[in-house]
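Along the sequence shown, residues are numbered consecutively beginning with 1. Values reported hereafter were calculated over all heavy atoms of this structure, with side chains retained and with hydrogens, waters and symmetry mates removed.
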Amino acid sequence: LRYMGQQNRVGNADTVKALGAASLPDDTLVFLGDVWARFDIVKMLEFHRSHQGLATLALRKPEKDDDAQTVVMGPSRRVVSFPEYPSDDPAAMAAVPVWIIRRQLLHHVPDEGPSSFLKDVFPAVLRAANPNSRVHVAAIGADGQGFSDLHNISKHAQAAFVGFCD
């Protein structure tokens with residue numbers, strides 16, 4: 001387990017890349033610190049290892065006034081687009097900031113400037129790939145499982161209390 005907090009205002013992809021690609025295992029779980037999640041990580045890892053994509057994203061149904069990045073899946077659970085939210089596409093799902101990435105994905109993170117996996121890196125991988133390539137992003141649904149983007153310490157405390165009482 002390695003934890004790296006952001007010292008400056010950089011994107012989450014920059015932070016992971018700063019750990020050094022050579023020091024990371026082939027498959028790395030990226031879990032943002034302001035997320036409260038209860039889900040089957042073993043199922044997600046098994047799915048990730050069943051395909052050759054560069055990443056696996058956890059998705060959930062979008063909620064009203066949701067500010068989460070939206071994702072549309074196509075056949076074989078491949079991500080086909082990252083539309084602006086809110087999306088009119090009935091197939092659009094909300095991305096949970098929990099991903100499993102392959103080390104090779106870090107080659108798609110720019111060397112300069114802040115970079116976000118959801119807003120920059122994953123969409124760039126989709127734009128660069130042809131439909132039959134191994135360079136793709138896949139997603140697994142996480143419906144019925146608990147995810148919250150907490151953003152602040154009071155929401156963390158509330159989630160911890162609720163989780164402790166469950």
So, taking the atom named [atom1] in [X] and the one named [atom2] in [Y], what distance separates them when rounded to the nearest 0.5 Å?
{"X": "Leu45", "Y": "Asp27", "atom1": "CG", "atom2": "CG", "result": "6.5 Å"}
{"X": "Leu29", "Y": "Leu24", "atom1": "CG", "atom2": "CG", "result": "11.5 Å"}
{"X": "Lys61", "Y": "Met93", "atom1": "NZ", "atom2": "CE", "result": "7.5 Å"}
{"X": "Thr70", "Y": "Leu118", "atom1": "OG1", "atom2": "CG", "result": "10.0 Å"}
{"X": "Thr56", "Y": "His48", "atom1": "OG1", "atom2": "NE2", "result": "5.0 Å"}
{"X": "Ser115", "Y": "Asp14", "atom1": "OG", "atom2": "CG", "result": "5.5 Å"}

Per side chain to side chain contact (heavy atoms under 4.5 Å, CB included), Phe117 is matched among Val125, Thr15, Ile101 by Ile101
Plane angle bin for Phe122 and Phe82 - parallel if under 30°, tilted between 30 and 60°, otherwise perpendicular
parallel
Those residues at least two apart in sequence (or on a different chain) that pass side chain to side chain contact (heavy atoms under 4.5 Å, CB included) with Ser50 are Phe47
Residues at least two apart in sequence or cross-chain that pass side chain to side chain contact (heavy atoms under 4.5 Å, CB included) with Val72, listed by chain then number, are Val80, Ser81, Pro83, Asp89, Ala91, Ala92
Quick one: does Trp99's side chain get under 4.5 Å of Asn12's, heavy atoms only?
yes
For side chain to side chain contact (heavy atoms under 4.5 Å, CB included), just list the numbers for Arg103 and Thr28, CA-CA rounded to whole Å, side-chain angles, deciding distance to a tenth of an Å, and then say yes or no.
CA-CA 7 Å; Arg103 187 179 332 154; Thr28 299; 6.0 Å; no
For Met44 and Leu57, the nearest pair of non-hydrogen atoms, with its separation, is CE-C, 4.0 Å
What are the two closest non-hydrogen atoms of Val109 and Lys17, and how far apart are they?
O-NZ, 2.7 Å
Which pairs count as salt bridge (Lys or Arg N to Asp or Glu O under 4.0 Å) when at least one residue sits in residues 114-128, sequence neighbours excluded?
none
